[in-house]
There are 2 protein chains.
Amino acid sequence: MKLDNTKAQMRKGVLELCILSSISKERKYATEILNHLKSAELIVVEGTLYPLLARLRSAGLVSYEWEESISGPPRKYYILTKKGSLFLEELTRSWNELHKSVKNLTHPKSNKS
Amino acid sequence: MKLDNTKAQMRKGVLELCILSSISKERKYATEILNHLKSAELIVVEGTLYPLLARLRSAGLVSYEWEESISGPPRKYYILTKKGSLFLEELTRSWNELHKSVKNLTHPKSNKS
DNA sequence: AAGGGTAACTTGCTATGCAAGGTACAGTAG
DNA sequence: CTACTGTACCTTGCATAGCAAGTTACCCTT
């Protein structure tokens, strides 16, 4: 049981939230999403992202459009569907609730907001 | 891809943190831990808790002491070791960092602390 | 034609949460 | 003294999902 392992475990839980959130502002293709999350110090790798995007897609939360690139292969730009947008809202709510629960557990005596 | 599923996923990441935190205040036996987390609206079940406690133990983060019960079988009271205490501190730090990262992702323009 | 860079995707492994089932002890009712 | 009930601990098998590593394919440059 290593710290890195546990930290990774914590990250997993918010992956969907972060990815949906990342493309909610503007459509992105996979590599952009990776870089975006990396810049926020949330490590994600290809082998994780692609299957997850596929899952999100088959759940109807995201869709995509192909676009030619100036140099290199075409890119698959992901965009949030209406359904995905609602899902993201709920997910954000859940995340806030979870945060509150953990706070209550770890600081039971504090009444500060 | 259901919301409940994803919410469960988020919960998983903080299980260790919550359990260590739960016994950090006072020694508890499994059923008490379950009830404690449940009261904070963090659902955990036996089949999850026991293997996790076993892992924490073999990692040297917790130890336990048997104690007779007034009625019923003896109880295994778990206590945090020195090592577990340090681990809990690091985990808490990691959790706060994660929270910050998610916040930056989901509210990039806000400068409020 | 060959090589390099970018992008999308797949395969196999492993960790782990969880439902369901199992064992054991103690007190109580019959 | 046997059977039942309640409490507590623990195990087994399944499904999910992240991740490392490998694959395919496109395009541009040399």
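For the numbers below, each heavy atom of this structure counts, side chains included, while hydrogens, waters and symmetry mates do not. Proteins get letters first, then strands, A, B, ... in listed order; numbering begins at 1 in each.
Summarising the geometry, the separation between CD on Glu67(B) and P on dC9(D) is reported as 12 Å, rounded to the nearest angstrom. Summarising the geometry, the separation between CG on Asn35(A) and C1' on dT6(C) is reported as 12 Å, rounded to the nearest angstrom. If you take CD1 of Ile70(A) and C1' of dT6(C), they are 13 Å apart, rounded to a whole angstrom. For the pair Arg27(A) CZ and dA7(C) C1', the interatomic distance rounds to 15 Å; values are reported in whole Å. If you measure from atom OH of Tyr50(A) to atom C1' of dA20(D), you get 15 Å, rounded to the nearest angstrom. Here dC18(C) presents its P atom at 10 Å from CG of Leu52(B), a figure rounded to the nearest Å. Rounded to whole Å, the distance from CG on Leu49(A) to C1' on dG18(D) is 12 Å. Tyr29(B) places its OH atom 14 Å from the P atom of dC10(D), with the value rounded to the nearest Å.
In this structure, Leu53(B) reaches neither bases nor backbone, as no heavy-atom distance under 4.0 Å exists between it and the strands shown. Using a 4.0 Å heavy-atom cutoff across all strands shown, Thr48(A) reaches at least one base atom of the nucleic acid.
Cation-pi contact between Lys76(B) and Tyr64(B): present, with separation from the ring centre below 6.0 Å and deviation from the ring axis of at most 45°.
Where Glu68(A) and Lys12(A) meet DNA chain D, the nucleotide closest to each residue was compared, and Lys12(A) sits on the side nearer the 5' end. When each of Ser71(A) and Tyr78(A) is assigned the nucleotide of DNA chain C bearing its nearest heavy atom, the one mapping closer to the 5' terminus is Ser71(A). Place Ile43(B) and Tyr64(A) on DNA chain C by their nearest nucleotides, and Tyr64(A) ends up nearer the 5' end.
The residues Arg27(B) and Glu67(B) are annotated as salt-bridged, a charged nitrogen and a carboxylate oxygen being separated by less than 4.0 angstrom.
Among dC9(D), dG6(D), dC26(D), the nucleotide with an atom closest to any side-chain atom of Trp66(B) is dC9(D). Among the nucleotides dA17(D), dC9(C), dA7(C), the one closest to the side chain of Arg55(A) is dA17(D). Distance from the side chain of Pro51(A) is smallest for dT10(C) among the nucleotides dA8(C), dT10(C), dT11(D). Here the nucleotide nearest the side chain of Val45(B), chosen from dA19(C), dA17(D), dA25(D), is dA19(C). Closest approach to the Thr31(A) side chain among dC9(D), dA15(C), dA8(C) is made by dA8(C) (side chain taken as heavy atoms from C-beta onward). Comparing dC18(C), dT6(C), dC9(D) against the side chain of Arg11(B) picks out dC18(C) as the nearest.
To the nearest 0.5 Å, atoms CD1 (Ile33(B)) and OH (Tyr29(B)) are separated by 10.5 Å. Considering CD1 of Ile23(B) and NZ of Lys25(B), their distance stands at 10.5 Å, rounded to 0.5 Å.
Checked by atom type and distance alone, the side chain of Ser22(A) never pairs as donor or acceptor with a backbone atom of Ile19(A) at under 3.5 Å.
Phosphate proximity of dA15(D) to Asn5(B): absent, as no side-chain N or O sits under 4.0 Å from OP1 or OP2.
For dC9(C), its base sits under 3.5 Å from the side chain of Glu46(A) at one donor and acceptor pair at least.
Note: Trp95(A) and His99(A) have parallel aromatic rings, judged against thresholds of 30 and 60 degrees for the angle between ring planes.
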